[in-house]
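Notes for the one structure printed next.
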Amino acid sequence: MSLLPLLNSRFAAALSAVGAPDAQPLVQAASRPEFGDYQMNGVMGAAKALKLNPRELAQKIIDAVDLAGIASTLEIAGPGFINIKLDNAYLAAYVETALKDEHLGVEQSPAQHVMVEYSSVNLAKEMHVGHLRSTIIGDALARVQSFVGMSVTRQNHVGDWGTQFGMLVAFLIEEQQSGNAELALKDLEGFYRRAKARFDEDENFANTARDYVVKLQGGDAEVNALWQRFVEVSLSHCNAVYQKLNVLLDDGDVRGESFYNNDLPIIVDELREQGLLVESEGAQVVFLDEFKNKDGEPQASIIQKKDGGYLYATTDLGAIRFRVRELKIDRCLYVVDARQALHFQQLFTIAKKAKFAPENVSLEHIAFGTMMGEDGKPFKTRSGDVVKLVDLLDEAQERAFALVSEKNPGLDEATRREIANAVGIGALKYADLSKSRTTDYIFNWNAMLSFEGNTAPYLQYAYTRVKSIFRKVSDYDQNAAIVLTEPAEHALALELARFSDVVHAVAKDSQPHLLCAYLYSVATMFSRFYENCPVNQDGVTNASRLKVCDLTAKVLAAGLNLLGIKVLEAM
RNA sequence: GCACCCGUAGCUCAGUUGGAUAGAGUAUCAGUUUCCGAAACUGAGGGUCACAGGUUCGAUUCCUGUCGGGUGCGCCA
């Protein structure tokens with residue numbers, strides 16, 4: 001069992017035994033190392049409820065709690081904290097067990113069907129930096145959910161529908177007629193810009209574009225084929241980015257807005273049948289008392305425009321309905337910019353009221369802040385343009401290549417490229433994932449690639465140091481008992497044993513930065529261990545320590561893999 | 001106008017359901033290599049947790065107000 005649930009359950013039993021069955025144990029990792037490994041904070045609250053002296057109650061709990069073989073010391077401190085030091089033999093056994101476990105000790109949850117909606121690009125344009133956070137946060141969360149035993153569906157809810165696609169198809173026809181179509185599609189961004197320019201300046205073209213939207217939605221074969229062609233090209237651009245980013249999304253995860261097109265009239269009907277829909281200023285809307293507009297009146301969510309068209313709220317409702325009824329999801333994580341918070345609050349409220357999703361299905365907006373430039377304003381090029389994502393990734397790899405070449409000029413170029421690609425992308429992703437996602441953060445090339453501090457390169461380096469120990473060892477006794485004696489060994493083993501708790505916290509709260517902080521701590525503990533506890537020296541191998549190293553390498557690799565970051569055998 | 005997010009060391013950021021003396025990294029300064037990778041490690045200085053009240057054994061955390069920053073609020077997605 002994971003450490004935290006184990007300690008909490010043992011203390012809960014002890015609290016019951018001393019007459020405080022309703023009190024929470026409130027066990028947490030010790031806030032300071034000198035307090036031990038864990039601390040139990042629940043005594044003060046329980047003592048207050050029972051009108052007892054907290055330190056006396058703490059002593060009773062220590063007498064009652066069954067932590068034989070788990071804790072070596074339990075001490076009362078301050079107003080009534082109980083400080084817990086885990087037994088070295090227990091930690092040694094934990095490491096032993098985790099080493100043999102494919103999940104490295106991470107407890108498996110009862111399988112639920114979890115959907116993670118992320119990336120969700122607009123296929124009309126090329127991916128830009130605005131898509132980075134959703135793509136990498138969502139990917140990490142999907143990996144974490146899988147790792148704790150969930151059945152996971154990744155969903156790339158791409159924008160492949162709406163008025164702009166009529167414009168793009170119309171322009172594609174023009175380009176085909178002049179024989180430039182394939183070439184033009186290679187630069188999707190330019191294609192969009194030129195199509196938009198045509199749309200704005202030429203009334204005839206604009207009318208054609210509008211006409212094509214109608215034909216597209218009406219199922220016209222020729223227009224649909226052109227649309228399909230455009231979507232394929234755009235998705236191939238995305239897939240190239242996903243591969244470079246080491247993100248697991250592929251074509252099988254794509255279910256675009258167009259997929260729900262035929263359901264939209266049904267959504268309107270069902271909302272109307274349930275008495276939720278009202279006509280207002282010609283549009284079909286749902287009024288929600290929970291939300292007020294700027295006049296203090298109930299906020300309207302528009303479901304159908306007065307011209308009969310639908311909006312993205314309608315599509316999102318259709319998606320919820322489909323996911324619940326057809327895909328049987330239990331939980332859906334929407335990894336989307338924080339600026340859409342209100343939209344999701346309204347969406348989820350309507351979905352529950354309309355019974356598109358029952359109460360026990362969890363719909364969660366996993367909001368994130370904006371990536372800022374060093375001036376504290378949204379990240380742009382020097383000239384103020386939006387940065388294409390592929391350009392950002394290329395720059396990360398180029399910068400990493402320059403650094404690797406500086407550090408290791410002796411390596412051949414292909415090797416340096418391979419290292420640089422993993423380091424550059426890893427640094428970029430880690431810099432993002434290691435911040436708490438809800439707030440804006442400032443993007444800084446030097447900080448993320450500095451190879452010092454809480455960065456991906458530091459973690460990747462720590463991994464290569466562990467692996468290099470094994471390269472020095474030809475053979476060792478894999479059945480040797482693990483014996484922990486030094487403080488640095490204890491600290492490292494304790495950190496390794498916390499893996500399960502941390503991964504579960506990330507799965508529950510969708511906060512990848514907790515995993516980053518944890519891995520950084522593992523790497524730090526390993527470095528201290530490495531300085532103080534020789535593993536393989538003067539031809540003598542310490543098999544016990546080597547096994548601790550083995551788990552360290554496995555946890556670092558697994559943890560970084562959950563973040564979508566590659567490890568290297570050498571760098 | 002209303003709603004949501006935010007304000008913590010020079011800078012970048014943590015701080016888990018309220019817990020002990022508010023922590024990391026970076027930068028600065030000072031150390032460590034006949035020793036498994038120094039892309040490392042050790043140490044030092046650095047704080048009115050925006051401000052003012054309140055709740056309580058205890059508040060960076062919860063509540064109220066003020067100031068400051070960001071975002072959103074009916075026919076785009």
Side-chain angles (χ1 to χ4, degrees), chain A residues 24 26 28-32 35 39 41-42 44-45 47-48 54 77-81 83 120 122 124 159 161-164 257 280-285 291-296 299-307 309-313 315-316 337-343 345-346 367 369-370 372 376 403-404 406-408 423 431 434-436 438-442 444 446-448 450-455 457-458 460-462 464-473 505 509 511 513-514 516-517 520-521 524 527-528 530-538 541-542 545 549 570-571:
Chain A
Q24 295 292 313
L26 300 177
Q28 64 176 216
S31 56
R32 304 166 68 87
F35 296 154
Q39 62 187 63
N41 297 337
M44 282 83 78
K48 188 168 176 58
F81 297 98
N83 288 336
S120 300
N122 176 3
W161 209 237
T163 52
Q164 49 195 341
E257 294 176 341
S280 170
E281 296 172 33
Q284 301 297 318
V285 310
F291 307 97
K292 305 288 185 197
N293 66 13
K294 56 184 86 170
D295 299 321
Q299 172 88 41
S301 291
I302 298 179
I303 303 299
Q304 189 173 24
K305 298 192 285 183
K306 62 184 170 193
D307 68 1
Y310 302 99
L311 290 104
Y312 75 135
T315 306
D316 281 342
D337 193 302
R339 283 172 291 195
Q340 296 202 34
L342 183 58
H343 164 68
Q345 282 181 34
Q346 294 175 335
T370 306
M372 302 296 200
L403 284 168
V404 172
E406 188 187 326
K407 294 284 182 190
N408 273 320
V423 168
S434 61
K435 272 93 179 172
S436 92
T438 50
T439 53
D440 299 342
Y441 79 95
I442 294 179
N444 184 311
N446 292 331
M448 74 177 72
S450 76
F451 296 78
E452 283 166 17
N454 189 7
T455 65
Y458 175 85
Q460 289 168 318
Y461 173 70
T464 64
R465 283 176 95 192
V466 187
K467 297 304 279 188
S468 101
I469 294 172
F470 284 90
R471 280 197 292 276
K472 296 269 192 318
V473 177
D509 298 329
Q511 306 219 71
H513 81 282
L514 299 175
C516 294
Y520 181 62
S521 180
T524 302
S527 289
R528 288 181 191 162
Y530 186 86
E531 295 287 323
N532 293 300
C533 304
V535 178
N536 183 48
Q537 222 168 37
D538 302 328
T541 297
N542 183 324
R545 287 178 178 167
C549 288
M571 61 188 279

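Chain A is the first sequence line, chain B the second, and so forth, proteins listed ahead of strands; every chain is numbered from 1. In what follows, every heavy atom counts, from backbone to side chain, and hydrogens, waters and symmetry copies are set aside.
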Which is true for [X] with a 4.0 Å heavy-atom rule: it touches a base, it touches only sugar-phosphate, or it touches nothing?
X        : answer
A:Ile302 : base
A:Ala77  : base
A:Ala338 : nothing
A:Glu257 : sugar-phosphate
A:Tyr441 : sugar-phosphate
A:Asn83  : base
A:Gln299 : sugar-phosphate

Next on the checklist: Distance criterion of 3.5 Å, no angle test: do you see the side chain of A:Ser280 paired donor-to-acceptor with the base of B:G74?
Outcome noted: yes
Next on the checklist: I'd like to know if A:Asp316 reaches the base of B:A77 with its side chain such that a donor and an acceptor end up less than 3.5 angstrom apart.
Outcome noted: no
Once you apply the 3.5 Å cut-off to both distances, tell me the Watson-Crick or G-U wobble partner of [N], or none.
N     : value
B:A30 : B:U42
B:A9  : none
B:U21 : none
B:A50 : B:U66
B:A3  : B:U71
B:C36 : none
B:U55 : none

Which atom names give the shortest non-hydrogen contact between [X] and [Y], and what distance separates them?
X        : Y        : value
A:Ala30  : A:Phe35  : CB-CB, 4.2 Å
A:Cys549 : A:Val535 : SG-CG2, 3.9 Å
A:Asn446 : A:Asn444 : N-OD1, 2.9 Å
A:Met448 : A:Ala431 : CB-CB, 3.7 Å

Rounded distance in Å - [atom1] ([X]) to [atom2] ([N]):
X        : N     : atom1 : atom2 : answer
A:Ile442 : B:G7  : CD1   : C1'   : 13 Å
A:Tyr312 : B:C76 : OH    : P     : 12 Å
A:Arg32  : B:G23 : CZ    : C1'   : 9 Å
A:Asn41  : B:G15 : CG    : C1'   : 14 Å
A:Asn293 : B:G1  : CG    : P     : 16 Å
A:Leu311 : B:C76 : CG    : P     : 6 Å
A:Met372 : B:C5  : CE    : C1'   : 12 Å
A:Gln28  : B:U17 : CD    : C1'   : 10 Å

[N] and [M]: how far apart are their [atom1] atoms, nearest whole angstrom?
N     : M     : atom1 : answer
B:G7  : B:A44 : C1'   : 29 Å
B:A22 : B:A59 : C1'   : 12 Å
B:U12 : B:A27 : P     : 15 Å
B:C73 : B:A20 : P     : 41 Å
B:G46 : B:C63 : P     : 33 Å
B:A30 : B:U16 : P     : 36 Å
B:G23 : B:G31 : P     : 27 Å
B:C49 : B:U34 : P     : 45 Å

Closest to the [X] side chain: [options]?
X        : options             : value
A:Gln39  : B:A20, B:A14, B:U17 : B:A20
A:Leu342 : B:C76, B:C73, B:U17 : B:C73
A:Ser31  : B:A14, B:G72, B:A20 : B:A20
A:Leu26  : B:U17, B:G74, B:G19 : B:U17
A:Phe81  : B:A20, B:C6, B:U16  : B:A20
A:Lys435 : B:G74, B:U12, B:C76 : B:U12

Checklist outcome for this item: When A:Gly78 and A:Gln345 are each assigned the nearest nucleotide of RNA chain B, the 5'-most assignment goes to A:Gln345
Checklist entry - When you match A:Met44 and A:Gly282 each to their closest nucleotide on RNA chain B, which lands nearer the 5' end? => result A:Met44
Item to check | Summary of protein contacts for nucleotides 31-44 of chain B, nucleotide by nucleotide, where a base hit scores B, a sugar-phosphate-only hit scores S (4.0 Å, heavy atoms) | outcome: ----SBBSBSSS--
Contact under 4.0 Å: [X] side-chain N or O vs [N] OP1/OP2:
X        : N     : answer
A:His513 : B:G15 : yes
A:Lys305 : B:C76 : yes
A:Thr438 : B:C5  : no

Min side-chain heavy-atom separation [X]-[Y] under 4.5 Å:
X        : Y        : value
A:Met372 : A:Ile442 : yes
A:Cys516 : A:Lys435 : no
A:Tyr530 : A:Ile469 : yes
A:Met571 : A:Val404 : no
A:Ser31  : A:Phe81  : no

Checklist entry - Does the A:Ser521 side chain pair with the main chain of A:Ala517, one donor and one acceptor, at a distance under 3.5 Å? => result no
Checklist entry - Are there more than 12 heavy atoms of other residues, nucleotides or ligands under 6.0 Å from atom NZ of A:Lys292? => result yes
